[in-house]
Amino acid sequence: MKRWGVVFFVLLLIQSPGILKPVEAEDGFVKTRGLQLVLNGVPYYAHGFNAYWLMYVATDPSQRDKILSAFQEATKHGLSIARTWAFSDGGYRPLQSSPGSYNEQTFQGLDFAISEAKKHGIKLILSLVNNYENFGGRKQYVDWARSQGQSITSEDDFYTNSVVKDFYRNHIKTVLTRTNSLTGVAYKDEPTIMAWELMNEPRCTSDPSGKTIQAWITEMASYLKSIDGNHLLEVGLEGFYGASKQQTNPNYFQVGTDFIANNQIPGIDFATVHSYPDQWLSGSSYEDQVAFLNNWVNDHIQDAQKILKKPILFAEFGRSLKESGYTTNQRDRIFTTVYSAIYSSARGGGAAVGGLFWQLLAEGMDSFQDGYGVVLSESSSTVSLISEESQRLIKIRKMYARLRNIEKWKRAREIRRAQRWSGNKLNDTGN
């Protein structure tokens, strides 16, 4: 893309102002090329949202209008990707009620979410298990193994116990080979799915060296890729560094993961970062939290670009409005900090490829409101910021698409010239 640099920015500057319509929804698998995500040969920017609840809500057909409403509003505001759960282990409305036993009604809820995403031109990141006990998570897996007589000492045995790992590998295979009851397409062959995520926010505090999670990611990434060679894969990391760069973490926090080492594992296609300074630095001032976030975002972009040489997605960020004194303006500044860094990197062909705010809700979903929820149909300054970022990233992608067409036209012209020259030479020889 470097050869297009000057032309790209000239086109970017002369692009007519106003509301931009998204590049038309495209089929095809998202791939990586160097620092960029690519869809049909053109850089793709993953500007979107988290909506963990899609499968859960869609399990009840009477509530499916909420998925339709959310997707309609998302596309209206230029959002093109959603991250959601492809797990619910035990408990209420489970996908997996016990090891290897799946609830067809819940699976049909996920089928519906995928089919509607496809209709609305929204790509999906599907997470395969939770670090936390919400929706079962690794606690449920180790409890299942314990009930079968396994000697389990802690939830961290999720990463090492052979029986638990077999349970998880079976879940990977079951989800990836599922044939959608509405589209007839196997998940592993469905281009609406952009990527799989091994775990939502993996942690292993019993091994701060990071060796346990490093081994688990290596094993599971290889297994998943042996089943599905179409889709991208990411770990689900929050972005915490290992001991070599521990000082970058909030309050020198270590959870047994390493942003650098974990993302260098073969099969991991792009890096992810989560950003919650209001949670991680709850005792600090708001200004200190913003300063931390600015450094956190830019440090990870630089490391993805210079060390990992892979794309980086800010897969979760936000600020809760639940706490007393928290304001929409404070939330907007968090969004602006993340979005500005992404745009600055993207317009220069850098490693940042998008951000997914936590979380999108439809109207009438007050029971899902955790303080971070954004309802796009409600006019707010935050919604305006989301739309503005859509416009900026859509503009970049359109410029790349235009430049690609110019390159195609030039190549076609050169071929025609060569053919004419060859034809003239033959005529001259014949005379």
Side-chain angles (χ1 to χ4, degrees), residues 1-5 7-9 11-12 15 20-48 75 78-83 117-118 120-126 188-197 221 224-225 228-235 263-264 266-273 300-301 304-315 341-356 389-411:
M1 293 296 178
K2 287 182 179 178
R3 66 185 185 278
W4 290 347
V7 178
F8 175 84
F9 287 110
L11 287 170
L12 189 60
Q15 175 77 18
L20 288 169
K21 294 181 179 179
V23 177
E24 288 185 8
E26 300 172 80
D27 209 348
F29 292 99
V30 177
K31 301 295 184 181
T32 60
R33 184 172 62 201
L35 298 176
Q36 294 175 318
L37 298 177
V38 177
L39 177 59
N40 297 327
V42 179
Y44 174 78
Y45 297 100
H47 180 52
T75 54
L79 301 174
S80 61
I81 184 167
R83 175 173 171 262
K118 186 181 186 75
H120 288 84
I122 292 175
K123 298 291 186 183
L124 296 172
I125 295 176
L126 298 182
K188 66 184 180 65
D189 299 321
E190 176 53 72
T192 298
I193 299 168
M194 184 188 98
W196 301 107
E197 177 177 283
L224 187 148
K225 288 285 189 172
D228 182 356
N230 289 322
H231 290 104
L232 301 179
L233 175 64
E234 48 96 352
V235 181
N263 283 309
Q264 289 176 322
I268 301 304
D269 297 297
F270 63 95
T272 62
V273 178
H300 283 83
I301 291 174
Q305 190 157 319
K306 295 178 180 179
I307 301 175
L308 299 176
K309 303 186 188 306
K310 293 180 179 181
I312 182 170
L313 175 68
F314 291 88
I342 292 169
Y343 176 68
S344 178
S345 174
R347 71 179 180 180
V353 292
L356 315 178
E389 180 76 349
S390 296
Q391 293 172 29
R392 297 197 298 180
L393 294 178
I394 288 167
K395 185 182 290 186
I396 293 176
R397 185 155 199 261
K398 281 190 171 183
M399 292 304 98
Y400 274 124
R402 184 177 299 178
L403 287 167
R404 183 167 181 261
N405 289 335
I406 291 172
E407 289 286 298
K408 283 183 175 180
W409 176 78
K410 285 181 178 179
R411 286 196 296 271

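Side-chain atoms are counted along with the backbone in the values below, which use heavy atoms only and exclude waters and symmetry mates. Note that the coordinates shown come from a computational prediction; the quantities given were computed from them, not determined experimentally.
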Would you check if the side chain of [X] reaches a backbone N or O of [Y] as a donor-acceptor pair within less than 3.5 Å?
X	Y	result
Q305	A351	yes
Q36	V38	no
H231	I125	no
D269	E234	no
K310	I268	yes

Item to check | Stepwise side chain to side chain contact (heavy atoms under 4.5 Å, CB included) check, N230 with D189 | outcome: CA-CA 7 Å; N230 289 322; D189 299 321; 3.4 Å; yes

Checklist entry - Can you name the side-chain contact (heavy atoms from CB on, under 4.5 Å) partners of K31, sequence neighbours left out? => result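 Applying side-chain contact (heavy atoms from CB on, under 4.5 Å) to K31 gives F29.
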
Nearest-0.5 Å distance, [atom1] of residue [X] to [atom2] of residue [Y]:
X	Y	atom1	atom2	value
T192	L126	OG1	CG	10.0 Å
L308	K306	CG	NZ	13.0 Å
Y343	I396	OH	CD1	5.0 Å
L356	L313	CG	CG	4.5 Å
D228	I193	CG	CD1	8.0 Å
K118	E190	NZ	CD	4.0 Å

Please report the shortest heavy-atom distance between [X] and [Y], naming the atom on each side.
X	Y	value
S80	Y44	O-OH, 3.2 Å
A352	S345	N-OG, 3.1 Å
P311	G34	CD-O, 3.6 Å
G267	L233	O-CB, 3.5 Å
G349	L35	O-CD1, 4.1 Å

Checklist entry - Does the pair L37 and M194 meet the rule for a side chain to side chain contact (heavy atoms under 4.5 Å, CB included), with working shown? => result CA-CA 10 Å; L37 298 177; M194 184 188 98; 4.1 Å; yes

Checklist entry - Taking side chain as C-beta onward, heavy atoms only, is I122 less than 4.5 Å from L79? => result no

Checklist entry - Are any non-hydrogen side-chain atoms of K123 and L39 less than 4.5 angstrom apart? => result yes

Next on the checklist: Walk me through whether F314 and I342 qualify under side chain to side chain contact (heavy atoms under 4.5 Å, CB included).
Outcome noted: CA-CA 9 Å; F314 291 88; I342 292 169; 3.9 Å; yes

